[in-house]
There are 2 protein chains.
Amino acid sequence: MNATSGNAPDSFLKLENFLCFAIYSTANAVTRAYQPRLAALGLTYPQYLVMVVLWERENQTVKSIGEKLSLDSGTLTPLLKRLESAGLITRRRDTVDERQVLIGLTDDGRTTRKRAEAIPIAIGQAFGCTLGEAKDLRAELMTVRDNLIASIDKAK
Amino acid sequence: MNATSGNAPDSFLKLENFLCFAIYSTANAVTRAYQPRLAALGLTYPQYLVMVVLWERENQTVKSIGEKLSLDSGTLTPLLKRLESAGLITRRRDTVDERQVLIGLTDDGRTTRKRAEAIPIAIGQAFGCTLGEAKDLRAELMTVRDNLIASIDKAK
DNA sequence: CACAATTTAATTGTGTGCGATTTAATGCGT
DNA sequence: ACGCATTAAATCGCACACAATTAAATTGTG
């Protein structure tokens, strides 16, 4: 019996055993990997995700974008204002329900999509795994993510 | 041929296909899941990771901690100052090599370990997967992470 | 030994994330 | 119609991440 035996609460507190650290650290690496390519489009990684959501469908509310990305208005409002200043999106109050703000794309915002198409392919190669492996990993992560979110919600 | 056919660069720009988004979003969920438990110890999630590194070995340099967590001094210096103000760690210049700052634990910092031991077990349950699945997922992620970091380094 | 290159932290500035609160608009029950 | 709960964004404060730069100490080389 020694420190490498792998049982006891001890081993749960070792960094090398942490799934959460693997997730955290990989996420940081993803952002760093995207950064040089996105900088060429004048985007940060979270801004890019917002643009992806809008490229799929224009004129969504802040809430709708927030649900898709699991981000709240505290994060999105300033981010969207920056995208607006950059001339990529539009923000206007919904005339029917004035609580809502509708986010649309400018011509520039739509055009940027073309330039963005090469990025996921390049990053996919940097991941160093096959499309099938990526798909499996993505599915497993989304399951874990949904479980975590469910347990957070349950605690409320 | 339609929008759901799944080929063409088009499908690479769909959020639901993004491995990177799965990683990003799961990482955010991990932080939120840890937050209430860590708040009871007065720690944030990145601070907790630093403590885990120090619980494994005391008196490491900022660089050594940074290598283990893939964080630079721009992130670590202010974080470590906060842990110092909280009375959990000590910071002192190495007298042999005065470029380095050695990070140690206070009695309080060492004691906090005991209270932290229950956390990974509770979070592990929130993940909703078996220990084996977690181990596999962790290994796959670390491979992806290392590939990403290698591709970032290669670009320099 | 001199001194340029390297190494280690700290600093600065920008952009997230998120808890908590606030503001304004809408819905809903009586 | 009234008032109250609910909802949607915005705001505020704090703590990361990280690129870029700076400052100080050490190392390596002639």
Side-chain angles (χ1 to χ4, degrees), chain A residues 24-40 42-50 60-67 69-86 91-103 148-149 152 155-156, chain B residues 24-39 42-50 60-67 69-86 91-103 148-149 152-153 155-156:
Chain A
Y24 161 85
S25 188
T26 308
N28 287 344
V30 164
T31 303
R32 289 198 300 273
Y34 266 95
Q35 194 273 334
R37 297 170 200 276
L38 289 176
L43 293 173
T44 64
Y45 181 68
Q47 288 170 6
Y48 166 70
L49 290 179
V50 169
Q60 297 189 58
T61 63
V62 174
K63 180 181 170 59
S64 159
I65 297 171
E67 281 170 351
L69 299 179
S70 289
L71 294 174
D72 68 7
S73 67
T75 300
L76 285 174
T77 296
L79 186 157
L80 292 168
K81 284 183 177 174
R82 280 187 282 271
L83 285 177
E84 187 184 32
S85 322
R91 297 165 69 239
R92 60 188 162 81
R93 286 276 163 191
D94 185 338
T95 49
V96 179
D97 183 343
E98 294 214 340
R99 287 172 303 182
Q100 302 185 144
V101 169
L102 290 171
I103 309 298
L148 282 174
I149 290 174
I152 295 165
K156 286 180 183 169
Chain B
Y24 161 86
S25 190
T26 307
N28 286 346
V30 164
T31 303
R32 290 198 300 273
Y34 266 95
Q35 195 273 335
R37 296 168 199 278
L38 289 176
L43 292 173
T44 64
Y45 181 69
Q47 287 169 9
Y48 166 69
L49 290 179
V50 168
Q60 297 188 56
T61 63
V62 174
K63 180 182 170 59
S64 159
I65 297 170
E67 281 170 352
L69 299 179
S70 289
L71 294 173
D72 68 7
S73 67
T75 300
L76 286 175
T77 297
L79 186 157
L80 292 168
K81 284 181 177 175
R82 281 187 283 271
L83 285 178
E84 187 185 31
S85 324
R91 296 165 69 241
R92 60 187 161 80
R93 286 277 163 189
D94 185 338
T95 48
V96 178
D97 182 345
E98 293 214 339
R99 287 172 304 183
Q100 302 186 142
V101 170
L102 290 171
I103 309 298
L148 282 173
I149 290 174
I152 295 164
D153 290 344
K156 286 179 184 169

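Note that the structure is a prediction, hence the values are computed from the model and not measured. We name chains A, B, ... by the order of the sequence lines, and we start the count at 1 in each one.
- Note: CD1 (B:Ile103) to C1' (C:dT8) measures 12 Å, nearest angstrom.
- Residues from residues 70-82 of chain A lying near DNA chain D, meaning a heavy-atom separation below 4.0 Å, are A:Ser73, A:Gly74, A:Thr77, A:Lys81 in numerical order.
- Under the 4.5 Å side-chain criterion, counting only non-hydrogen atoms from C-beta, B:Leu83 is not in contact with B:Arg91.
- Closest to the side chain of B:Asn28, from the set C:dA9, C:dC18, D:dA9, is C:dC18.
- When rounded to the nearest whole Å, the span between CZ of B:Arg92 and P of C:dA10 equals 14 Å.
- The interatomic distance linking A:Asp97 (CG) with D:dA9 (P) rounds to 8 Å, in whole Å.
- An OP1 or OP2 oxygen of D:dC18 is reached within less than 4.0 angstrom by a side-chain nitrogen or oxygen of A:Arg32.
- No donor-acceptor distance shorter than 3.5 angstrom exists from the side chain of A:Arg92 to the backbone of A:Ile103, with no hydrogens or angles considered.
- B:Gln60 places its CD atom 16 Å from the C1' atom of C:dA9, with the value rounded to the nearest Å.
- Nearest nucleotide to the side chain of B:Val62, out of D:dA19, C:dA9, C:dC18: C:dA9.
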Determine, step by step, whether B:Leu71 and B:Ile65 satisfy the side chain to side chain contact (heavy atoms under 4.5 Å, CB included) criterion, reporting the C-alpha distance in whole Å, the side-chain angles of both residues, the deciding distance to 0.1 Å, and the verdict. CA-CA 8 Å; B:Leu71 294 173; B:Ile65 297 170; over 6 Å; no
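- At whole-Å resolution of the value, CZ in B:Arg37 and C1' in C:dG19 are 18 Å apart.
- Between B:Leu83 atom CG and D:dA15 atom C1' there is a gap of 11 Å when expressed in whole angstrom units.
- The shortest distance between the side-chain N/O atoms of A:Gln47 and the OP1/OP2 oxygens of C:dG15 is not below 4.0 Å.
- The only option from B:Tyr34, B:Tyr45, B:Tyr24 that meets the ring-ring contact (aromatic ring centres under 6.0 Å, His included) definition with A:Tyr24 turns out to be B:Tyr45.
- Both A:Tyr24 and A:Gln100 lie near DNA chain D, and the one whose nearest nucleotide falls closer to the 5' end is A:Gln100.
- The distance from the CG atom of A:Leu69 to the OG atom of A:Ser64 is 9.0 Å, given to the nearest 0.5 Å.
- Distances shorter than 4.0 Å separate none of the side-chain N or O atoms of B:Arg91 from OP1 or OP2 on C:dT8.
- Regarding contacts with the backbone of C:dT16, a side-chain N or O of A:Thr44 is found under 4.0 angstrom from either OP1 or OP2.
- Looking at which nucleotide of DNA chain C each of B:Thr61 and A:Thr31 is closest to, the 5′-most match is held by B:Thr61.
- Nearest heavy atom pair, residue B:Arg93 against residue B:Glu98, reads NH1-O, 3.0 Å.
- Put simply, CG on B:Leu102 is 13 Å from P on C:dT8, counting in whole angstrom units.
- In this entry C:dT26 has D:dA5 as its Watson-Crick or G-U wobble partner, both defining distances falling under 3.5 Å.
- Looking at B:Asn28, its side chain never comes within 3.5 Å of a backbone N or O of B:Thr31 through a donor-acceptor pair.
- Counting non-hydrogen atoms under 4.0 angstrom, B:Val96 reaches the backbone sugars and phosphates but no base.
- The side chain of A:Gln35 sits closest to D:dA19 out of D:dA19, D:dC18, C:dT6.
- Summarising the geometry, the separation between CD on B:Glu98 and P on C:dA10 is reported as 13 Å, rounded to the nearest angstrom.
- The shortest distance between side-chain heavy atoms of A:Thr61 and A:Val101 does not fall below 4.5 Å.
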